[in-house]
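Report on the following structure.
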Amino acid sequence: MSISTSVLSDLLKSLAYLRPQLYFKASLTALSHAMEDQVLAATLAQPLVIASFQRERFYRQEAHRYQRLALRSNQIYVLAAPETDFVNSSEYYEKIAFEPTDGLSHEWHLVVIADNYATCLVCRESLGSIAKNKQLPELSPNLDIDAARRFEGVWTSERGVSLKAAELLLDRILVYRPELASKIEEARQRFGIGEPRSLFGEEQINEYACDIDTDPFVQRLVTYLQASQYKLHKAYRSIAAQARKERLVNSISTAIRRSLDPHEVLQVAAQELGQHLEACRCLIYRAQATDSQAIIEHEFLNPGILSLRGQTWELEKNSLFQDIVQQGEGVCISDTLNDPRVNNSPALSLIAKKFAIRSWLMEPVFYQGRLLGIVELHYCRMPPHECQPGELDLVEAIATQVGAALIQAEAYANLEELNQQLEALDRTRSNLIAITGHELRTPLSTIQVCLESLASEPDMPLELQQIMLNTALSDSERMRKLVQDFLTLSNLESGRVEWHPESLTLQECIDLSLSRNRTRSSTEKPPKIKTEIAENLPLVRADGDWLVEVLAKLIDNACKFTPPQGEITIKAIYNSHQKVEVTVADTGRGIEPNRLEVVFDRFYQEEGALRRTTGGTGLGLAICRQIVNGWGGEIWAESTGKDQGSQFHFTIPIVQSSKEEKRTKVKSK
């Protein structure tokens with residue numbers, strides 16, 4: 001159900017002599033709080049209180065006050081249009097949830113009737129005010145919009161008007177909550193609501209009037225009026241400062257949108273900020289939390305001020321920079337001559353004196369908690385510059401924009417790098433198709449021919465049958481290794497490998513890898529392999545199976561590219577980085593210096609995918625890199641060029657106790 005009629009209209013029709021007045025929200029808030037304070041301050045019999053709040057959100061702001069009022073009286077009625085959980089209930093006081101389309105949704109009422117006084121506030125919100133307030137947030141975001149709402153209505157302490165207003169509101173309550181009829185009738189009988197005259201005569205009312213303390217009412221009203229004036233003055237200042245701030249931020253935002261070049265954006269920011277805040281010098285430079293130095297690249301200068309562009313700014317000894325890193329907020333020094341942070345630091349004192357810095361402001365440029373740079377403002381003239389809160393907010397806003405520009409430039413650089421990675425990935429895909437097509441098709445064709453020959457020619461000589469069978473087995477093993485390498489690299493790159501580090505003797509792992517290499521089927525005589533293992537080599541800590549796999553693949557790779565008359569050497573030393581360094585060197589084909597890094601890429605083939613003179617998929621070195629990285633080591637290649645041989649190095653962490661044992665042995669010698 002919904003009642004479209006207005007309580008204010010009904011009241012004005014019943015009492016034609018009433019004349020409505022215009023009220024602002026701030027004034028009505030003061031009046032209503034004063035009326036409520038009057039109830040809380042009174043010591044007489046329980047009054048009747050009826051409050052209509054338009055919407056539930058307005059009621060929620062005052063709910064705690066009405067819980068206190070409920071301790072004074074059991075005749076408390078609160079009306080509001082529900083928005084979340086406001087429902088008809090009788091917990092602390094009577095709640096009445098009316099329909100949002102009810103005429104009450106545009107009105108604000110408060111009626112208080114006691115034995116010795118009565119006041120009422122019956123207002124309807126101005127429709128023009130509602131329309132205008134919808135536009136205000138865009139024009140002046142800092143203005144207290146709620147306080148600027150306008151209402152038309154009646155506020156009076158005349159008892160007859162209060163009784164009539166109570167009668168109209170109680171009738172509304174009965175429509176929504178008919179079960180309250182007996183309680184409402186009790187209030188009607190007690191206060192004479194609906195009767196031609198009040199039960200109390202004028203003399204009786206005057207007798208009780210002396211017991212009413214009006215101080216809470218007056219104090220509340222004065223306080224709210226003063227607060228409203230202060231808010232209005234503050235709002236005007238805030239609007240002006242906000243307009244200046246928005247113009248500056250917009251100019252820098254425009255520069256960011258216009259260019260992806262961070263140098264151009266930062267120069268515009270330094271120029272605009274320095275001019276707007278009338279600084280003698282404005283610096284913007286990149287710096288991270290771990291940097292010890294920064295180069296001044298962007299600067300705004302006033303005439304007659306010494307330039308800092310191109311100079312190196314020492315950060316490690318700059319206590320102000322270190323404070324910013326630790327605390328994550330800017331630093332403002334009004335007078336460098338009297339500030340202990342500057343006077344107690346020889347480095348800062350020298351900077352302030354050399355560059356005539358009298359007032360100093362430093363603001364960090366952060367993005368998601370990461371320090372990207374610093375904005376500095378220097379004031380070099382007398383008197384010292386006192387930093388205002390609005391200025392600090394503005395510098396912070398500009399620092400945010402600068403952070404966005406730096407991240408945007410960084411994202412653009414990352415995008416270019418990503419494009420290069422995608423191109424490399426596309427080349428990898430092409431290589432994968434070519435290599436797998438060749439490596440799978442060739443052995444499959446050989447196996448098929450051998451098996452078909454064995455099946456179709458039962459009278460084939462035993463010697464030829466054995467050759468066919470050995471060829472098929474050899475190519476099937478080749479296919480198995482290909483598939484195994486694919487699965488191994490996939491598991492390593494996806495992190496699905498479980499590492500089982502243990503203390504190992506390197507010599508034992510080398511022997512196992514050489515044994516595996518000897519069993520490798522090959523029609524050619526392998527080159528000579530020798531080992532040079534340093535004495536007293538400490539134990540290493542790694543997964544034994546994977547360590548043997550790395551050694552075997554490096555030895556196998558060296559055998560492929562070294563002629564039978566060549567030589568392969570396996571060396572192991574304890575290097576200066578407290579790790580064991582293993583080297584597999586050969587006298588074979590060698591590698592061009594510009595290819596020393598890409599040889600570890602997947603599917604890399606020196607001679608092209610389909611023009612190889614040696615077998616393989618180009619996955620062996622990629623697998624080695626993933627394994628060595630897995631235990632925290634490094635792997636790299638060295639070569640002076642074609643036919644100059646190559647050396648593959650990798651490091652293995654040592655067992656700590658083994659290192660201490662080695663030191664003890666050295667001392668004992």
Side-chain angles (χ1 to χ4, degrees), residues 421 424-425 427-432 434-436 438-439 478 481-495 497 509-510 513-514 516-517 520 522 526-527 529 542-543 545-562 566 568-572 581-652:
Q421 292 176 358
L425 184 61
R427 291 193 299 270
T428 299
R429 180 187 61 82
S430 300
N431 289 339
L432 173 61
I435 291 170
T436 54
H438 182 272
E439 292 292 335
R478 178 179 169 184
K481 287 184 177 180
L482 171 66
V483 174
Q484 182 62 41
D485 281 351
F486 272 115
L487 293 176
T488 299
L489 184 59
S490 175
N491 289 333
L492 287 167
E493 290 183 337
S494 62
V497 172
C509 295
I510 293 175
S513 61
L514 289 173
R516 180 187 298 184
N517 181 262
R520 181 177 64 91
S522 176
I529 301 176
D543 189 305
D545 293 337
W546 289 112
L547 177 54
V548 172
E549 181 76 13
V550 171
L551 289 165
K553 286 191 178 298
L554 291 178
I555 295 171
D556 182 66
N557 189 69
C559 290
K560 286 180 183 179
F561 297 100
T562 304
I568 298 173
T569 305
I570 304 172
K571 302 178 182 179
E581 181 180 325
V582 180
T583 303
V584 178
D586 63 66
T587 58
R589 185 175 301 177
I591 308 170
E592 292 291 347
N594 61 343
R595 296 285 181 180
L596 291 174
E597 181 60 30
V598 297
V599 295
F600 293 98
D601 292 345
R602 293 174 295 174
F603 309 115
Y604 172 77
Q605 293 287 350
E606 185 185 2
E607 300 181 32
L610 301 178
R611 298 187 292 107
R612 299 185 311 273
T613 57
T614 59
T617 61
L619 296 177
L621 292 178
I623 291 173
C624 290
R625 179 170 61 180
Q626 291 291 332
I627 295 172
V628 173
N629 291 342
W631 66 51
E634 296 179 274
I635 186 169
W636 68 96
E638 293 179 352
S639 178
T640 55
K642 284 285 187 180
D643 300 322
Q644 299 298 317
S646 58
Q647 303 86 41
F648 285 87
H649 309 261
F650 68 92
T651 60
I652 320 169

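We use all heavy atoms of the structure for the numbers below, so side chains are in, but hydrogens, waters and symmetry mates are not. For the single chain, residues carry numbers from 1 onward in sequence order.
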Next on the checklist: Can you pull out every side chain to side chain donor-acceptor pair (under 3.5 Å) where at least one residue sits in residues 628-641? Sequence neighbours excluded, please.
Outcome noted: Trp636-Glu638, Glu638-His649
Next on the checklist: Among residues at least two apart in sequence or on other chains, which ones pass salt bridge (charged side-chain N to carboxylate O under 4.0 Å, His left out) with Glu549?
Outcome noted: Arg516, Lys553
Next on the checklist: Working to the nearest 0.5 angstrom, can you tell me the gap between Gln647 CD and Leu596 CG?
Outcome noted: 9.5 Å
Next on the checklist: Please report the interatomic distance OG1(Thr488) to CD1(Ile627), rounded to the nearest 0.5 Å.
Outcome noted: 7.5 Å
Checklist entry - What is the distance from atom OG of Ser513 to atom CD1 of Ile529, rounded to the nearest 0.5 Å? => result 8.5 Å
Item to check | Leu621 versus Leu554, closest heavy-atom pair with distance | outcome: CD2-CD2, 3.7 Å
Checklist entry - Taking atom CD1 of Ile623 and atom CH2 of Trp546, what is their separation to the nearest 0.5 Å? => result 7.5 Å
Item to check | For the student: nearest non-hydrogen atoms of Val582 and Leu551, plus distance | outcome: CG1-CD2, 3.9 Å
Checklist entry - How far apart are the C-alpha atoms of Val628 and Ile652, what are their side-chain angles, what is the distance that settles it, and do they pass the side-chain contact (heavy atoms from CB on, under 4.5 Å) test? => result CA-CA 8 Å; Val628 173; Ile652 320 169; over 6 Å; no
Item to check | Test side-chain contact (heavy atoms from CB on, under 4.5 Å) applied to Thr587 - qualifying residues, sequence neighbours left out | outcome: Thr562, Glu567
Checklist entry - Can Leu514 and Ile570 be said to form a side-chain contact (heavy atoms from CB on, under 4.5 Å), step by step? => result CA-CA 10 Å; Leu514 289 173; Ile570 304 172; 3.9 Å; yes
Checklist entry - Going by heavy atoms in the side chains, are Phe650 and Leu547 under 4.5 Å from each other? => result yes
Next on the checklist: When you compare the side chain of Pro527 with that of Asp586, does any pair of heavy atoms fall below 4.5 Å?
Outcome noted: no
Checklist entry - What's the shortest heavy-atom distance between Val550 and Cys624, and which atoms? => result O-SG, 4.0 Å
Item to check | From CA spacing to verdict: side-chain contact (heavy atoms from CB on, under 4.5 Å), Phe648, Ile591 | outcome: CA-CA 11 Å; Phe648 285 87; Ile591 308 170; 3.8 Å; yes
